[in-house]
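Right, one structure below, let's go through it.
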Amino acid sequence: MAQSVKGMRDLFGTELRWFQHIEETARRVFGRHGYGEIRTPILEELDVFKRSVGESSDIVNKEMYEFTDKGGRQVVMRPENTAGVVRAAIQHKLLNSSDPVLFYYIGQQFRYERMQTGRYRQFWQIGAESFGVATPESEAESLLMLHSFLTELGLKNLTFSINSVGTPESRPAFHAAFRAFFAAREAQFCEDCHRRIETNPLRVLDCKNEKCQAALEGHPVITDHLDEASAKHHARLKVLLTELGIPFEENPRLVRGLDYYTRTAFEVLSSDLGAQSALLGGGRYDLLVKHLGGPDVPAFGWAIGLDRLAMVLQQVRGEAPHSTPALLIPLGDRATLEALKLARNLWDAGVALQLETRGGALKKAMASANRLGIRTVLILGDGELEGGTVTVKHMATGEQESWPLGEVASRLASR
RNA sequence: GCGGCUGUAGUUCAGUUGGUUAGAGCACUGGAUUGUGAUUCCAGUUGUCGCCGGUUCGAGUCCGGUCAGCCGCCCCA
């Protein structure tokens, strides 16, 4: 039997309904914050990710679907969407004014990695990026939007975990202090951390190994080594979040995996998830636009994994909200033609209706309606045709009534 | 990329120390006055035991490989 490629997935049924519900909620919430959608290509030049995500990162080194196309171009299937959005914004000169530019995206990403539950090689991300504003206020705006988004999806007890990773200018001072700290208790750290301290020192901070977390007790804190502007920025954000009543906690061990982050980094935790695993992450990336060849424009953004979000929502909320159409069952030859005409009128009037066209016994059609979760069944037979009515059965209660044909559309609409 | 576990009807699973025609619940199909579902009763269908090879008189059961899924790690969010 033909099978989907490993890590690729087909979406349909109840799972897809959650995806759709999430996407609708995203569009509604982001739209009212003034964000516009952007759709960028799945294929980008390799260089876009090398220069943004970071040449040393595992994403770029090991996890990209990468190939040479027939024209000899080195292309990759995007492993994330921020780089593509930035590339597009630069290419179309969208960042050449002083106005803020607000984008959101919903799209598939690809990473060649080991699969686990809720984790695929083709996965979906929703993200929002705000360009052109460097203030803590713009971050508060973005986080408020995110908070509304998650709240409207029904997630509870959200906590924002925040930190500041400083700037390239302030980071060396911290790195030096941290390396000294590490060296003093080197033996207590795991093998991976010994590697990390060389390649990406900040990563030692979020090692999952309990011994490492214990050894980190009393470690130098990044926020103590910030430059003055970054420190002020960080303090201001905390004031704003407090004033806005957004629950947050400072987490000095919170870092980002991608190279392009500066200053604010954050994650969102929900009591609906396991205690330690984050639902999403994001932060400020003031250097990326310029780094990719654009103007010197600050930016802030975040991304959330749709596959995982849909899975969590299905667990905590069950079925995604959806409505089922009514079902029209004709009985007899004459009624079958009349039913087709009636259905056409109802469809044209905007009514959601499914038509039984198999022509079998009513009993079977009813059983079928039950399996499909249909709540309202319309029966049209010779008796109904005589009287110009349709028999309506409400599946939940079993009650039946008779509606005049002319009122079917309006009565179904107000169901 | 590294380590471990699993793979039997549509689905959830059972299948004794290898032994004859591989089972159950649910689902599905048909029926219990042909215009009434979900409840009840009766009857019935369902499988290359993931795939390929090996050991054996004999393999769902043991061994190897492979594919797929799951759990850690790495990585990410």
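All values below come from the heavy atoms of this structure, side chains included, with hydrogens, waters and symmetry mates left out. Lettering follows sequence order; numbering is per chain, from 1.
Whole-Å rounding puts the A:Gln3 CD to B:A68 C1' distance at 6 Å. If you measure from atom CZ of A:Arg203 to atom P of B:C75, you get 7 Å, rounded to the nearest angstrom. Between A:Phe123 atom CZ and B:A77 atom P there is a gap of 9 Å when expressed in whole angstrom units. The separation between A:Leu202 atom CG and B:A77 atom C1' is 17 Å, rounded to whole Å. Atom NZ of A:Lys363 and atom P of B:G37 are 5 Å apart (whole Å). In this entry the distance linking CG of A:Leu327 with P of B:G35 reads 17 Å, nearest Å. Rounding to whole angstrom units, CG of residue A:Leu328 and P of B:G35 are separated by 16 Å. Remark: P of B:U36 and CD of A:Glu356 are 15 Å apart, rounded to the nearest angstrom.
Both A:Ser4 and A:Ala303 lie near RNA chain B, and the one whose nearest nucleotide falls closer to the 5' end is A:Ser4. If A:Leu280 and A:Cys207 are placed on RNA chain B by their nearest nucleotide, the residue sitting closer to the 5' end is A:Cys207.
Within a heavy-atom distance below 4.0 Å of RNA chain B, the residues of residues 369-381 of chain A found are A:Asn370, A:Arg371, A:Ile379, A:Gly381. Of all the residues in residues 382-396 of chain A, A:Asp382, A:Gly383, A:Glu384, A:Thr391, A:Lys393, A:Met395 reach under 4.0 Å from RNA chain B with at least one non-hydrogen atom.
No hydrogens or angles considered: a donor-acceptor pair under 3.5 Å links the side chains of A:Arg253 and A:Gln213. Counting only N and O atoms by type, the side chains of A:Ser4 and A:Asp10 include no donor and acceptor under 3.5 Å apart. If you check the side chains of A:Thr336 and A:Asp333, you find no donor sitting under 3.5 Å from an acceptor. There is a side-chain donor-acceptor pair under 3.5 Å between A:Ser368 and A:Arg358. Side chain to side chain, A:Glu384 and A:Thr391 meet the donor-acceptor criterion of an N or O pair below 3.5 Å.
With P as the reference atom, B:C52 and B:C41 are 42 Å apart, rounded to whole Å. Taking atom C1' on both B:C74 and B:C62, the two are 35 Å apart, rounded to the nearest angstrom. On the P atoms, B:U46 is 31 Å away from B:G35, given to the nearest whole Å. Taking atom P on both B:U39 and B:G25, the two are 16 Å apart, rounded to the nearest angstrom. Spacing between B:U12 and B:G54 at atom P, rounded to whole Å, works out to 32 Å. Atom C1' of B:A43 sits at a distance of 40 Å from the matching atom of B:C67, rounded to the whole Å. The C1' atoms of B:G3 and B:U11 are separated by 31 Å, rounded to the nearest whole Å. The separation of B:C75 from B:G1, taken at their C1' atoms, amounts to 11 Å, rounded to a whole angstrom.
Across all strands shown, A:Gln400 has heavy atoms under 4.0 Å from base atoms, whether or not it also approaches the sugar-phosphate. Backbone-only contact: A:Ala367 has heavy atoms under 4.0 Å from sugar-phosphate atoms and none from a base. A:Gly282 comes within 4.0 angstrom of nothing in the nucleic acid, heavy atoms only.
Relative ring orientation between A:His219 and A:Phe178 is described as perpendicular, the plane-to-plane angle rising above 60° on a 0-90° scale split at 30° and 60°.
OP1 or OP2 of B:G31 has at least one side-chain nitrogen or oxygen of A:Lys364 nearer than 4.0 Å. Between A:Lys6 and B:G69 there is a side-chain N or O to OP1 or OP2 distance below 4.0 Å. Within the structure, a side-chain polar atom (N or O) of A:Arg195 is placed less than 4.0 Å from OP1 or OP2 of B:C75.
Within the 3.5 Å criterion, the main-chain N or O of A:Leu385 finds no donor-acceptor partner in the side chain of A:Thr389. With A:Ser52 contributing its side chain and A:Val48 its backbone, the two residues share a donor-acceptor pair below 3.5 Å. A:Asp286 contributes a side-chain N or O that, together with a main-chain N or O of A:Ala299, makes up a donor-acceptor pair within less than 3.5 Å. Judged purely by atom type and a 3.5 angstrom limit, A:Asp307 has no side-chain atom pairing as donor or acceptor with the backbone of A:Phe123. With hydrogens and angles disregarded, no donor-acceptor distance shorter than 3.5 Å links the side chain of A:Arg111 to the backbone of A:Glu63. A donor-acceptor contact shorter than 3.5 Å links the side chain of A:Arg51 to the backbone of A:His291.
One finds a salt bridge joining A:Glu139 and A:Arg284 here, because a Lys/Arg side-chain nitrogen approaches an Asp/Glu carboxylate oxygen to under 4.0 Å.
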Self-check item: Pairing string, 5' to 3', for RNA chain B - Watson-Crick or wobble contacts under 3.5 Å, brackets [ ] where pairs cross, | to another strand
Solution: (((((((..((((.....[...)))).(((((.......))))).....(((((..]....))))))))))))....
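For A:Tyr65 and A:Tyr112, the ring centers sit closer than 6.0 Å to each other. Annotation: A:Trp302 is in aromatic contact with A:Phe30 [ring centroid separation under 6.0 Å].
Counting heavy atoms from C-beta outward, A:Val289 and A:Asp296 have side chains that stay 4.5 Å or more apart.
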Quiz item: Which nucleotides of nucleotides 44-51 of chain B have their base under 4.0 Å from a protein heavy atom (B), which only their sugar-phosphate (S), and which neither (-), written as one string 5' to 3'?
Solution: --------
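Looking at residues two or more places apart in sequence or on another chain, you find a ring-ring contact (aromatic ring centres under 6.0 Å, His included) between A:Phe182 and A:Phe189, A:His194.
Both the sub-6.0 Å distance and the 45° axial angle are satisfied by A:Arg185 relative to the ring of A:Phe181.
Residue A:Leu362 has its side chain nearest to B:U36 when only B:C76, B:U36, B:C75 are considered.
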What N/O pairs connect the protein and nucleotides 70-72 of chain B at under 3.5 Å? Give each pair on its own line.
from	atom 1	to	atom 2	distance (Å)
B:C70	O3'	A:Thr117	OG1	3.0
B:C71	OP1	A:Thr117	OG1	2.7
B:C71	OP2	A:Thr117	N	2.7
B:C71	OP2	A:Thr117	OG1	2.7
B:G72	OP2	A:Gln116	NE2	3.2
B:G72	N7	A:Gln116	OE1	3.4

